[in-house]
Amino acid sequence: MVFGLFAWWPIARSLLLSFQQTNLVDPAEWVGLDNFTKLFDDPLLWITLRNTTWFVVLALIMGFPLPVLLAVVMSEVRRFGGLFRVLVYLPVVMPPVVAVLMWKWFYDSDFGLFNQLLGTVGLGPYPWLQDTTTAMPSLVLEATWASAGSTVLIYLAALASVPTELYEAAELDGASILRRVWHVTLPHLRGVLLVMLLLQIIGTFRVFTEPFVLTDGGPEDSTVPVLLLIYRYAFIYGDYGAAAALGVLLAVLLGVLSAIYLRLTRRWAES
């Protein structure tokens with residue numbers, strides 16, 4: 001009952017709203033597919049989809065291998081293991097807006113920490129958030145730092161289930177640490193890796209805080225993701241119907257991608 005009220009009812013209400021035109025005060029007007037037509041006629045929609053896809057690709061390249069690597073290294077550390085776990089998880093407990101504002105200072109082109117450090121070796125300053133080339137990678141770097149901690153703990157819990165006898169047998173066979181990781185660790189993490197990859201794809205498609213606080217979609221709309229466009233439609237343009245329609249399209253897209261992904265990886269996960 002409670003789950004249906006706070007989960008399924010908003011979904012159903014958004015689906016209905018996507019076929020209406022309303023300001024949420026006056027009675028809604030049924031407009032059919034006009035909201036979807038308006039979206040597809042908006043050139044910013046295609047820019048937004050390109051930006052979001054680029055963010056997802058960069059996040060997978062930069063952010064997916066890092067937690068696995070950290071978890072493997074931390075599982076081998078015998079001393080100060082608890083301290084390392086706390087340090088890795090610390091960004092997760094920090095309020096997201098506070099973390100993003102801290103990184104906004106890091107990226108400041110005049111007084112930011114990164115440019116100050118680079119200045120000591122004669123480099124920079126660089127316009128991290130003001131250049132269309134570096135803005136998106138800068139957002140991905142902050143997002144990776146902020147979210148990696150929880151993923152690392154999940155991998156550490158999965159690593160604890162790997163039988164130590166397998167590592168001992170590999171060591172007796174003369175396997176190096178890289179071979180042990182490749183032939184013992186990763187095969188046992190296969191199911192977890194597949195699930196975490198899917199969750200990361202879904203999560204990065206729904207990025208909002210970083211572009212909203214750091215760049216507000218700039219420069220030149222190069223960092224406007226789908227959720228920020230939904231926000232603009234609803235709270236800047238006052239077009240709640242178009243915002244709901246875009247939300248429905250995003251949900252359908254993620255549903256289709258998830259179904260295709262699960263079908264393609266089912267056999268590998270069960271083998």
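Just so it is clear, the structure is predicted and the values come from calculations on it, not from any experiment.
- In the hydrophobic clustering of this structure, L253 groups with L229; members are Ile, Leu, Val, Met, Phe, Trp, Tyr whose side-chain heavy atoms approach within less than 4.5 Å, directly or through other members.
- Distance alone, capped at 3.5 Å, is enough to place a donor-acceptor pair between the T223 side chain and the G218 backbone.
- You'll find the side chain of Y126 stays beyond 4.5 Å of the side chain of T134, heavy atoms only.
- G63 approaches Q200 most closely through the heavy-atom pair C-NE2, 3.8 Å.
- I61 is not listed as a side-chain neighbour of V140, based on a closest heavy-atom distance of 4.5 Å or more.
- At least one side-chain heavy atom of P67 sits under 4.5 Å from a side-chain heavy atom of V152.
- Looking only at side-chain heavy atoms (C-beta outward), L214 and L139 come within less than 4.5 Å of each other.
- Residues S258 and L198 are in side-chain contact: their nearest non-hydrogen atoms beyond the backbone lie under 4.5 Å apart.
- V248 and S14 make their closest contact through CG2-O, 4.2 Å (heavy atoms, listed as atom of the first residue, atom of the second, distance).
- Sequence neighbours left out, the pairs with a member in residues 200-234 that pass ring pair (Phe, Tyr, Trp, His ring centres under 6.0 Å) are F208-F212, F208-Y231, F212-Y231, Y231-F235, Y233-Y237.
- To the nearest 0.5 angstrom, L16 atom CG is 10.0 Å from T22 atom OG1.
- Clustering ILVMFWY residues whenever any of their side-chain heavy atoms sit less than 4.5 angstrom apart, transitively, puts L60 in the very cluster that holds V192.
- V31 and L249 end up in different hydrophobic clusters when Ile, Leu, Val, Met, Phe, Trp and Tyr side chains are linked at under 4.5 Å.
- To the nearest 0.5 Å, atom CE of residue M196 and atom CD1 of residue I154 are 4.0 Å apart.
- Listed by chain and number, the residues in a ring pair (Phe, Tyr, Trp, His ring centres under 6.0 Å) with Y261 amount to none (sequence neighbours excluded).
- When all heavy atoms are compared, the tightest approach of A158 to L189 is CB-CD2, 3.3 Å.
- Between the Q116 side chain and the F111 main chain, a donor and an acceptor come within less than 3.5 Å of each other.
- Counting heavy atoms from C-beta outward, L250 and L227 have side chains that approach closer than 4.5 Å.
- Judged as a salt bridge (charged side-chain N to carboxylate O under 4.0 Å, His left out), not a single pair has a partner in residues 8-19 (not counting sequence neighbours).
- Between the side chain of T52 and the main chain of L49, no donor-acceptor pair closer than 3.5 Å is present.
- The side chain to side chain donor-acceptor pair (under 3.5 Å) search around T151 returns none, not counting sequence neighbours.
- When all heavy atoms are compared, the tightest approach of A71 to L159 is O-CD1, 3.5 Å.
- Under the side chain to side chain donor-acceptor pair (under 3.5 Å) criterion, D34 pairs with no residue, sequence neighbours left out.
- In this structure, Y89 contributes its side chain and L153 its backbone to no donor-acceptor pair below 3.5 Å.
- Within the model, atoms CG of L193 and NE2 of H188 stand 12.5 Å from one another, a figure rounded to the nearest 0.5 Å.
- Every residue two or more places apart in sequence or in another chain was checked for a ring pair (Phe, Tyr, Trp, His ring centres under 6.0 Å) with F84, and none qualifies.
- Shown here for P219 and Q130, the closest heavy-atom pair between the two residues is CG-O, 3.5 Å.
- Using a 4.5 Å cut-off on side-chain heavy atoms (C-beta onward), L246 and V226 make contact.
- Sorted by first and then second residue, the ring pair (Phe, Tyr, Trp, His ring centres under 6.0 Å) pairs with a member in residues 133-162 read W103-W145; sequence neighbours excluded.
- Applying the salt bridge (Lys or Arg N to Asp or Glu O under 4.0 Å) criterion to R85, with sequence neighbours excluded, gives no partner residue.
- Residues M62 and L199 share a single hydrophobic cluster, defined by chaining ILVMFWY side chains whose heavy atoms lie under 4.5 Å apart.
- Note that CG of L228 and CG of D216 are 6.5 Å apart. Values are rounded to the nearest 0.5 Å.
- S161 is linked by a side chain to side chain donor-acceptor pair (under 3.5 Å) to nothing, counting only residues two or more places apart in sequence or in another chain.
- Pairs passing the ring pair (Phe, Tyr, Trp, His ring centres under 6.0 Å) check and including a residue from residues 49-69, sequence neighbours excluded, do not occur.
- Residues that satisfy the side chain to side chain donor-acceptor pair (under 3.5 Å) test with W128, not counting sequence neighbours, are N115.
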What verdict does the side-chain contact (heavy atoms from CB on, under 4.5 Å) test give for T185 and V162, after you've listed the backbone C-alpha separation in whole Å, the side-chain angles of each residue and the deciding distance to 0.1 Å?
CA-CA 7 Å; T185 304; V162 180; 5.6 Å; no
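- Under the 4.5 Å side-chain contact rule for hydrophobic residues, W46 and V224 share a cluster.
- For the atom pair M102 CE and E142 CD, the distance stands at 7.5 Å (nearest 0.5 Å).
- Proximity of I47 to R50: side-chain heavy atoms (C-beta onward) are separated by under 4.5 Å at one or more points.
- Applying the salt bridge (charged side-chain N to carboxylate O under 4.0 Å, His left out) rule to pairs touching residues 223-239 yields K38-D239, D221-R232, sequence neighbours excluded.
- For the pair D108 (side chain) and L113 (backbone), a donor-acceptor distance under 3.5 Å is absent.
- Expressed to the nearest 0.5 Å, how far OG1 of T37 lies from CG of D42 amounts to 12.5 Å.
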